[in-house]
Peer 1: 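I'd like to ask you about the structure that follows.
As a basis for the values below, the full set of heavy atoms in this structure was taken, side chains included, without hydrogen atoms, waters or symmetry mates.
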Amino acid sequence: MATETETPTEVAQDIGLALYAQIEGFINGLLRPWNAYQMGIFLALVVAAILLSRVIAPIYHNWLRSRDGWPKWRLRLALVFHSRMRLLTFVALIWPVIWIMREVTWPSRSYLLSIIGSLAFAWFVIAVVTRLIANNVVRGLVRTGGWIWVTLVILGLTDEAQHLLSSIGVSLGETRLTIWMVIQAIIILTLLFTVARFLSHASAANISRVDDISPSMRVLVVKFLQLVLYGMALFIGLKSVGVDLTGLAVLSGAIGVGLGFGLQKVVSNLVSGIIILLDKSVKPGDVISLGETFGWIHSLGARYVSVVTRDGKEYLIPNEDLITGQVVNWSHSDEFVRLDIYFGTAYGDDPHLVRKVAIKATEGVDRVLTHKPAVCHIVGFGDSSVDYILRFWIRDPTHGLTNIRGNVYLALWDAFKDNGISIPFPQREVRMLNDPAKVPD
């Protein structure tokens with residue numbers, strides 16, 4: 001072991017010399033008869049595994065093609081076995097050979113085969129387990145790191161490797177940042193963030209099934225849980241590898257002050273999003289109108305609200321606009337929406353009959369509610385017609401407003417035609433002044 005007075009370069013040299021000595025001793029050991037026999041057995045098993053895998057792999061693949069009813073996760077696991085058929089066959093061959101040699105001869109005469117068999121089995125297990133990681137890049141990094149680590153553990157080189165990685169680093173004030181610390185931080189943070197992600201998704205799924213909680217409160221609870229879980233994962237990960245969080249707190253405070261001035265709009269939208277979630281003014285599924293934008297809320301984000309219109313456009317409206325602007329929420333307190341349409345009839349038509357016919361016409365239109373009856377009132381006497389307003393109720397504004405108004409207008413047209421009620425149009429009488437044809441003799 002190195003002393004505290006040795007420099008990192010001297011430590012690296014000592015470790016390198018020790019590793020060289022071990023490698024030289026291993027090579028010299030191969031010249032012994034039984035070690036050479038074990039290497040020959042190893043090569044023979046490799047050739048046998050390659051030949052057997054060429055025979056077994058097609059049969060196994062055809063058998064998998066007939067497993068149509070299997071779940072997807074089982075098929076993926078079976079495909080991992082197929083892609084690692086050579087390694088799996090080698091593991092299946094080498095361990096019976098090791099057990100037989102341990103029974104018929106000394107354990108030292110199967111020592112190299114035991115190491116090779118342990119490495120092959122560990123590599124196969126890591127290849128199967130890492131298949132659960134969806135991201136290809138992360139899967140490759142975890143798989144490679146796992147193979148390197150188990151190799152060092154089985155060969156008994158963990159102390160030397162850790163000492164070497166700990167000797168290489170830079171000093172930042174009173175804290176020394178080494179490669180070993182960085183590797184530890186990456187592994188621990190990856191594991192903690194994976195656990196936090198799994199817990200947040202599981203909690204979100206459970207919360208979404210609770211009907212007693214409003215949609216906006218569900219979003220708030222899920223966001224709060226994600227913030228707490230990821231914050232705890234980061235804090236525990238950095239603390240576990242020995243990072244001094246005091247300096248980090250001072251640095252983050254200084255950065256926060258600078259970002260506060262430069263990101264006022266972002267912070268305003270974040271705070272507005274929290275207010276929206278707390279006061280429940282809007283929630284996913286509500287139909288709103290903001291300026292010329294009319295649609296229903298698809299999701300609530302930390303910075304914006306996603307609003308989908310009838311023509312399929314998705315508007316990302318900043319949360320600040322919903323707090324400071326005038327928003328029409330068509331389904332805030334209940335799901336019922338009242339619509340108004342205006343029309344006029346001729347002065348010769350009976351207004352009492354017109355009102356009855358108009359109300360009756362709405363009853364045959366789809367989406368118009370019958371348990372909340374429509375009403376019709378006279379609103380004025382125009383130049384060419386008696387003006388009316390017809391009010392009716394619907395409960396599904398997300399299906400559109402213009403189309404239901406159009407259907408009601410068509411129903412009025414048919415009803416007025418059947419009952420002899422006319423819809424007038426403006427008429428004007430024009431007189432020409434100083435027209436010679438009109439001057440009396």
Side-chain angles (χ1 to χ4, degrees), residues 35 37-104 107 109-158 161 183 186-202 205:
N35 290 341
Y37 296 157
Q38 294 180 66
M39 295 304 298
I41 295 173
F42 162 68
L43 295 177
L45 291 175
V46 170
V47 174
I50 294 174
L51 296 177
L52 282 176
S53 63
R54 290 181 178 179
V55 177
I56 298 174
I59 300 174
Y60 181 72
H61 184 264
N62 293 331
W63 178 76
L64 281 181
R65 292 174 65 89
S66 62
R67 307 294 98 184
D68 296 334
W70 276 15
K72 186 179 292 185
W73 66 268
R74 188 181 297 178
L75 288 175
R76 289 181 176 177
L77 184 62
L79 288 175
V80 174
F81 289 162
H82 181 267
S83 62
R84 303 288 175 179
M85 185 60 68
R86 293 180 181 178
L87 183 58
L88 179 59
T89 307
F90 178 76
V91 172
L93 291 177
I94 192 172
W95 278 106
V97 173
I98 295 172
W99 294 331
I100 294 173
M101 293 184 65
R102 287 178 179 176
E103 294 294 331
V104 301
R109 294 180 177 180
S110 61
Y111 176 72
L112 290 179
L113 291 178
S114 300
I115 294 178
I116 295 172
S118 300
L119 287 174
F121 179 73
W123 289 352
F124 178 75
V125 171
I126 292 174
V128 173
V129 173
T130 53
R131 186 62 185 175
L132 300 175
I133 303 176
N135 189 285
N136 294 330
V137 178
V138 177
R139 184 197 309 148
L141 292 176
V142 173
R143 181 180 297 168
T144 304
W147 285 343
I148 294 174
W149 178 251
V150 298
T151 302
L152 294 175
V153 171
I154 294 174
L155 296 179
L157 300 176
T158 54
I183 294 176
I186 293 175
I187 295 174
I188 294 175
L189 288 176
T190 301
L191 293 176
L192 290 176
F193 273 101
T194 302
V195 173
R197 183 173 179 269
F198 173 76
L199 292 177
S200 64
H201 285 187

Peer 1: Testing the basics here: between A49 and R86, what is the closest heavy-atom pair and its distance to 0.1 Å?
Peer 2: CB-O, 3.9 Å

Peer 1: Taking all non-hydrogen atoms of both residues, which atom of P58 and which atom of S53 are closest, and how far apart?
Peer 2: CD-O, 4.2 Å

Peer 1: Check side chain to side chain contact (heavy atoms under 4.5 Å, CB included) between A92 and all other residues, then give those that pass, not counting sequence neighbours.
Peer 2: none

Peer 1: List the residues meeting side chain to side chain contact (heavy atoms under 4.5 Å, CB included) with L45, not counting sequence neighbours, and say none if there are none.
Peer 2: I41, F90, L93, I94, V97

Peer 1: What's the spacing between L88 CG and L52 CG if we round to 0.5 Å?
Peer 2: 11.5 Å

Peer 1: For F81, give me all partners under ring pair (Phe, Tyr, Trp, His ring centres under 6.0 Å), at least two apart in sequence or on another chain.
Peer 2: F124

Peer 1: Any side-chain heavy atom of W95 sitting closer than 4.5 Å to one from V91?
Peer 2: yes

